[in-house]
Number of protein chains: 2
Amino acid sequence: MISERLRQTPLYEQVRTEILQRLVSGYWKPGEPLPNEFDLAAEFGVSQGTVRRALGEMAARNLVTRIQGRGTFVREYDSRWALFHFFHVVEADGTRHEPKTELISHRLAPAGERVAKALGIGPEDRATWMERVRLLDGRPVIYETVVVPDAIFPGLGLVNVIPSSIYVLYEQFYGVLVSTAEEDLSALPASAEAARHLGIAEGTPVLAIERIAGALDGRRVEWRLSLCDTREHRYRNHLGG
Amino acid sequence: MISERLRQTPLYEQVRTEILQRLVSGYWKPGEPLPNEFDLAAEFGVSQGTVRRALGEMAARNLVTRIQGRGTFVREYDSRWALFHFFHVVEADGTRHEPKTELISHRLAPAGERVAKALGIGPEDRATWMERVRLLDGRPVIYETVVVPDAIFPGLGLVNVIPSSIYVLYEQFYGVLVSTAEEDLSALPASAEAARHLGIAEGTPVLAIERIAGALDGRRVEWRLSLCDTREHRYRNHLGG
DNA sequence: TAGTGGTCTAGACCACCAC
DNA sequence: TGGTGGTCTAGACCACTAA
């Protein structure tokens, strides 16, 4: 029950926050339908229109999916959405292809200064380190290092199989839904290691994407450094509109 | 007057489209207030709520600014908004600074194959070419080439002064409001020319941002190639949320 | 105080889906 | 056919701005 009339915050924001907390807490799980608007309105003690507004905003943020005639559903992780939202690799002609992923290494180790600072944890805190190569048409185009805190993903460093879409793993095994990312882009000469994995000469310019991914509840859950060979591919950004 | 009840498209979309066309056509000019919701509703033959929804969506897309107690205003170009929306240069520590701009050259010439293809014009069509350097703390960090069709910006190639924020010029002198951008990012070795302007060694990796900017009415109005020295600065992207 | 946008409600009707 | 979300309306009241 919401409906405190002393409110400084609008009712629809309170409703949105309450619904969000239920998603975060797992009270409603990905893929499940929410109660309909009238039931939610009755439960929260507001009108249907207020619930509608809250749900509409959540749909705009991709937290729920609304389907006319069927209902409102907790968003399931869609690898294509992620791929194109967080990783817009395109061919020179603008077409998009889904890269394949090969896991190179995978271990438990301290986070270290740089990652710790990015994720807001201690440098000695344990984390799972993964190295991967992404391939397009069988040729390596991205060499990346992914680091996640063991406190948030316990045991991930010991698992045998890491699926290609790691964000699906985060969601389905740990209930962590990645919803935001902050990326810092720069150009670097390829290190010896990166050059080896990408099959290019050491010192070749590579696009470096340092990403901090955030979960629904605002926690920073992943640090990632992607080194991209952009001689034949581009990283695309669409802004505005 | 809208309100055709045979509609396939919702009324609020028709209202939005009609208002957008008035912005594009200059019927309402940047900075000017729109009529209030009731007057617009009466003019279009819809209810206030429908106008409200149309305006709310336009506010979300940054086309108008709504201020409680004052009214709804046609958005004026805000250089800071653009800078951070289209060009998020950040220091290593994440702070943002507005770069200064120096115009290096400025001439009228054919668009050429690459630009013509990007802008959807003919390679022989005339265009204004501008070269600029952007500086942070007096040091060059970005060397960029900006090309715009003479058909859209007639005489720009002959003007003496080009202001630092070129998008303000587009808007105030030509009524062209840049609202979208598509960017392709890659890493390149600095050419001799870029190296000279950036004060770096030839072959140093630079971040290349090839941008096609779109106007409110959907026309592609600018092609731009920015070569960024990212040794001490980053280009930041915020996704999701 | 008058006028604006912001919130909230209540209810009608439509479009779509599943059964 | 019944239930869902989508659109649209009408009207009340609030919050903010400006004169």
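Residue numbers begin at 1 in each chain, while the letters A, B, ... track the order of the sequences.
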In whole angstrom, what separates [X]'s [atom1] from [N]'s [atom2]?
X        : N       : atom1 : atom2 : result
Arg16(B) : dT7(D)  : CZ    : P     : 10 Å
Leu11(A) : dC14(D) : CG    : P     : 13 Å
Leu55(B) : dG5(C)  : CG    : C1'   : 10 Å
Asp39(B) : dG3(C)  : CG    : C1'   : 11 Å
Met58(B) : dG5(C)  : CE    : P     : 14 Å
Glu13(A) : dA15(D) : CD    : C1'   : 15 Å
Phe44(B) : dC8(D)  : CZ    : P     : 14 Å

Is the phosphate of [N], meaning OP1 or OP2, less than 4.0 Å from a side-chain N or O of [X]?
X        : N      : answer
Thr50(B) : dT9(D) : yes
Asn36(A) : dG3(D) : no
Thr72(A) : dT4(D) : no

Sequence-distant partners of Tyr174(B), ring pair (Phe, Tyr, Trp, His ring centres under 6.0 Å), two or more places apart: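 By the ring pair (Phe, Tyr, Trp, His ring centres under 6.0 Å) rule, Tyr174(B) matches Phe153(B).
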Protein-nucleotides 16-18 of chain D N/O pairs closer than 3.5 Å?
{"unit_1": "dC16(D)", "atom_1": "O4'", "unit_2": "Gln68(B)", "atom_2": "OE1", "d": "3.0"}
{"unit_1": "dA18(D)", "atom_1": "OP1", "unit_2": "Arg70(B)", "atom_2": "NE", "d": "3.4"}

Does Arg139(B) pair with Asp137(B) as a salt bridge, N-O distance under 4.0 Å?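 No salt bridge links Arg139(B) with Asp137(B).
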Phe44(A): which of Thr50(A), Val15(A), Leu11(A) passes side chain to side chain contact (heavy atoms under 4.5 Å, CB included):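 That would be Val15(A); it is the only one of Thr50(A), Val15(A), Leu11(A) passing the side chain to side chain contact (heavy atoms under 4.5 Å, CB included) with Phe44(A).
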Can you tell me if [X] uses its side chain to pair, donor with acceptor, with the backbone of [Y] under 3.5 Å?
X         : Y         : result
Gln14(B)  : Thr9(B)   : yes
Arg220(B) : Ile212(B) : no
Glu13(A)  : Pro10(A)  : no

Which of these passes side chain to side chain donor-acceptor pair (under 3.5 Å) with Arg132(B): His106(B), Glu144(B), Glu102(B)?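 Single side chain to side chain donor-acceptor pair (under 3.5 Å) partner of Arg132(B) among His106(B), Glu144(B), Glu102(B): Glu144(B).
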Report the secondary structure of DNA chain C in dot-bracket form, marking unpaired bases with a dot and bases paired to a different strand with |, and treating Watson-Crick or G-U pairs with both distances under 3.5 Å as paired. ||||||||||||||||||.
Under 4.0 Å, heavy atoms only, any strand: does Arg52(B) hit a base, just the sugar-phosphate, or nothing?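 It contacts base atoms.
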Would you classify Gln48(A) as touching base, sugar-phosphate or nothing, given that sugar-phosphate means primed atoms plus P, OP1 and OP2, and contacts are heavy atoms under 4.0 Å?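 Counting heavy atoms under 4.0 Å across all strands, no contact is made by Gln48(A).
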Looking only at the side chain of [X] (C-beta and beyond, no hydrogens), which of the listed nucleotides [options] gets closest?
X        : options                : value
Tyr12(A) : dT7(C), dG6(D), dT9(D) : dT7(C)
Arg66(B) : dT9(D), dG5(C), dG5(D) : dG5(C)
Arg53(A) : dT7(C), dC8(D), dT7(D) : dT7(C)

Map Glu37(B) and Val51(A) onto DNA chain C by nearest heavy atom, then report which one ends up closer to the 5' terminus.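 It is Glu37(B), whose closest nucleotide lies nearer the 5' terminus.
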Assign each of Gly71(B) and Ser47(A) to its nearest nucleotide of DNA chain C by heavy atoms, then name whichever residue's nucleotide is nearer the 5' end.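 Residue closer to the 5' terminus by nearest nucleotide: Gly71(B).
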At what distance, to the nearest 0.5 angstrom, does CD1 of Ile142(B) lie from CG of Leu135(B)?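 Rounded to the nearest 0.5 Å, the CD1-CG separation comes out at 9.5 Å.
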Just wondering, do Arg22(B) and Leu34(B) contact through their side chains at under 4.5 Å, heavy atoms?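 The answer is no; the side chains never approach within 4.5 Å.
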Taking atom types as modelled and ignoring hydrogens, do the side chains of Glu222(A) and Tyr170(A) form a donor-acceptor contact shorter than 3.5 angstrom?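 A pair is found: one side chain offers a donor N or O, the other an acceptor, under 3.5 Å apart.
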